Amino acid sequence: MRTSQYLLATTRETPADAVVVSHQLMLKAGLIRKLAAGMYTWLPLGLRVLHKVTNIVREEMDKSGALEVSMPVVQPAELWHESGRWDVMGDELQRFKDRHDRDFCLGPTHEEVITDLFRNEVTSYRQLPINLYQIQTKFRDERRPRFGVMRAREFTMKDAYSFHMDKASLQKTYDLMYATYQNIFNRLGFEFRAVVADSGNIGGSASHEFHVLADSGEDQIVFSDASSYAANMEMATALAPAEAAPAPTKALAEVATPDVKTIEDVAAFLKLPVTQTLKTLIVLGEKTDDAKDDSQPLVALVLRGDHQLNEIKAAKLAGVHSPLTFASDAQIQSTLGCLPGSIGPVGLEIPVLVDRAAAQLADFVCGANKDGFHLTGANWTRDCKPTRVEDLRNVVEGDASPDGNGRLQIRRGIEVGHIFQLGTKYSKAMNVLVLDENGRTQTPEMGCYGIGVTRIVAACIEQCHDEKGILWPDNIAPFHVALIPLNAHKTPRVAEVCEQLYKELAAAGIEVLLDDRDKKTSPGVKFADMELIGIPHRLVVSDRGLENDTVEYKARKDAEPQMLPLAQAVERLRGLVKNAR
RNA sequence: CGGAGUGUAGCUCAGUUUGGUAGAGCACUGUCUUCGGGAGGCAGGGGUCGGAGGUUCAAAUCCUCUCACUCCGACCA
């Protein structure tokens, strides 16, 4: 390709609304342009990268034996009613009506459609297991799209769905997909972790997320420094402290704490460490079936002052409303007689769920359930009783690993893949039946496996960039080699050599971007553009070099260039460019 | 959805407080000079100041409504 015939859309200035480096560089390098919030046009240069990523994903999926299909983006509401998700999904599901007033949605995922396809096409155990996938546009009306294509509303996803006669077969394909994902992310050169994950709304049991490690990641991932334990923060178990709770040594006392609201304020006011305080959060409980009135039951969640509530864990507990909903100040005031800043477990007449670490404290500080007062020297059992002790908190760096080996570390990650064992959630709801070897009908087990293809491009830039721009690995770079002629208008041989190299490199299967912009484009501009867009190899042909029959080579990541004899240049490049076709 | 903020040329932004002919840099077009790290001169093109309504002799500027976008939070497969 020649720049003179291409749409290079580089900009010198960074667009003001991009905050993460991948978003900034994708705009500056001219890979994407925003159409509306969370919706992006892919320019020619960006699309080349996206296609290369797509091809790697497709190759590995095909290698695993999965079969590619393509399903519509628009889906009829009937299928979503069948699965029960039409009413569950909320506003993320973009709904609309056609001219006949029939309900449709834009597909945020394709469990319903694939299950419908499967039940119409597959009837025998002989056809199982089967794994069908597509690489296709998804639409989710995210509340807050951000970070460019990292969290977009419209994006490209590889989604695969497998069907099985039994759990053992599902596990086998799940393991195969796990290995396939490792292959894909290894080929992309990612530093990544597979972590145990919450299966969330999509349903099912076992689930792993694949995270690219990056400081800009939206998720916190947790892993042991001494074992293979790795989990999403939502799922990471916080163990009870190994040591037993100390015995009470102090008497319960009430102290006035005027205008002292936060835990930090309380600890500072009483000159005690935050770890000696409790915080009590009031959330909505579950209404019992025999509840006579409309009053909303409340539940107290008690944590050590320095710990953070894990809302996913809390919402899963018996008696707690899911999704987790904090009680309003008015609800707390009317039920407990004080405001949120002064609540404590002593004398509380609602269920009290206590975190394992909080339950190990003695002589602690907590709210007195009276505005402006706290209690000191409070103790479990003697002064108040937990209804239940639960795992309620986010783990923190240095906690013991749940598998007993090592200490936990916390890093940020970008979720680029997620695999689930769905079980029979969809096959049962949508009445899918296949005949087994005895001629009896069975409900098939399902798995599903997603990869955010567009997100991968952003994640790659997050991991591979410097102050000058992007540093693409060879196998997803839009072009392998930037070929830059200098002073071609003064020395005709420069242009001739470039044309010759261009042809020979192309013949060797190397993708070349020849910067043949005219003399108005200064060398500095050409160098800066090629570095910004991240072409991994650069050849400079100049009158100076040709005096010695040499051309200059520099890898994007190297600091210093080297001179290559002209006659050997193509052969040397063939060795330097990995994964060229 | 709650809180905060921003909409002026393709991009980055001034101008709004105190109403009075719509600006700069970059980018773009033509031309001359320059030519190994984002060159310089000259000449140009480009904006109904997000939109609607109002106040006023006069509105980018003041008032009302509205739309869009961004950030923080909540939420999320």
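Every chain is numbered from 1, with letters handed out A, B, ... down the list of sequences. For clarity, every value in this text was computed on a predicted model and none was experimentally measured.
When both distances must be under 3.5 Å, the Watson-Crick or G-U wobble mate of B:A14 does not exist.
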Produce the list of close N/O pairs, under 3.5 Å, pairing protein atoms with atoms of nucleotides 69-73 of chain B; give distances to one decimal.
| unit_1 | atom_1 | unit_2 | atom_2 | d |
| --- | --- | --- | --- | --- |
| B:C69 | OP1 | A:Ala37 | N | 3.1 |
| B:C69 | O3' | A:Lys34 | NZ | 3.0 |
| B:C72 | OP2 | A:Arg144 | NH1 | 3.2 |
| B:C72 | OP2 | A:Arg144 | NH2 | 2.5 |

Protein N or O to nucleotides 23-34 of chain B N or O, pairs below 3.5 Å:
| unit_1 | atom_1 | unit_2 | atom_2 | d |
| --- | --- | --- | --- | --- |
| B:G25 | N2 | A:Glu13 | OE1 | 2.8 |

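Checked against a 6.0 Å centroid threshold, the rings of A:Tyr449 and A:Tyr181 do not count as neighbours.
Listed nucleotides: B:G38, B:C76, B:G36. Nearest to the side chain of A:Asn487: B:G36.
For B:G36, the base has a donor-acceptor partner in the side chain of A:Ser542 [N/O atoms by modelled type, under 3.5 angstrom]. One N or O donor and one acceptor, one from the side chain of A:Asp529 and one from the base of B:G38, sit under 3.5 Å apart.
The residue among A:Asp219 and A:Thr11 whose nearest nucleotide of RNA chain B lies closer to the 5′ end is A:Thr11. For the pair A:Ser522 and A:Gly545, nearest-nucleotide mapping onto RNA chain B gives the more 5' position to A:Gly545.
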Candidate pair A:Glu552 and A:Arg538, rule salt bridge (Lys or Arg N to Asp or Glu O under 4.0 Å), full reasoning: CA-CA 8 Å; A:Glu552 177 194 297; A:Arg538 184 181 86 185; 3.1 Å; yes

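Taking the six-membered ring for Trp and thresholds of 30 and 60 degrees, A:His23 and A:Tyr40 have ring planes more than 60 degrees apart, a perpendicular arrangement.
Heavy atoms of A:Arg538 sit under 4.0 angstrom from at least one base atom. A:Glu311 comes within 4.0 angstrom of the backbone, heavy atoms only, and of no base.
A:Ser334 meets the side-chain contact (heavy atoms from CB on, under 4.5 Å) test with no other residue; sequence neighbours excluded. Looking at residues two or more places apart in sequence or on another chain, you find a salt bridge (Lys or Arg N to Asp or Glu O under 4.0 Å) between A:Asp466 and A:Arg556. For A:Phe96, there are no ring-ring contact (aromatic ring centres under 6.0 Å, His included) partners two or more places apart in sequence or in a different chain.
Separating the CG atom of A:Leu43 from the C1' atom of B:G10 is a distance of 13 Å, rounded to the nearest angstrom.
Within the structure, every pair that satisfies the salt bridge (Lys or Arg N to Asp or Glu O under 4.0 Å) test and touches residues 480-495 of chain A, not counting sequence neighbours, is listed here: A:Arg493-A:Asp549.
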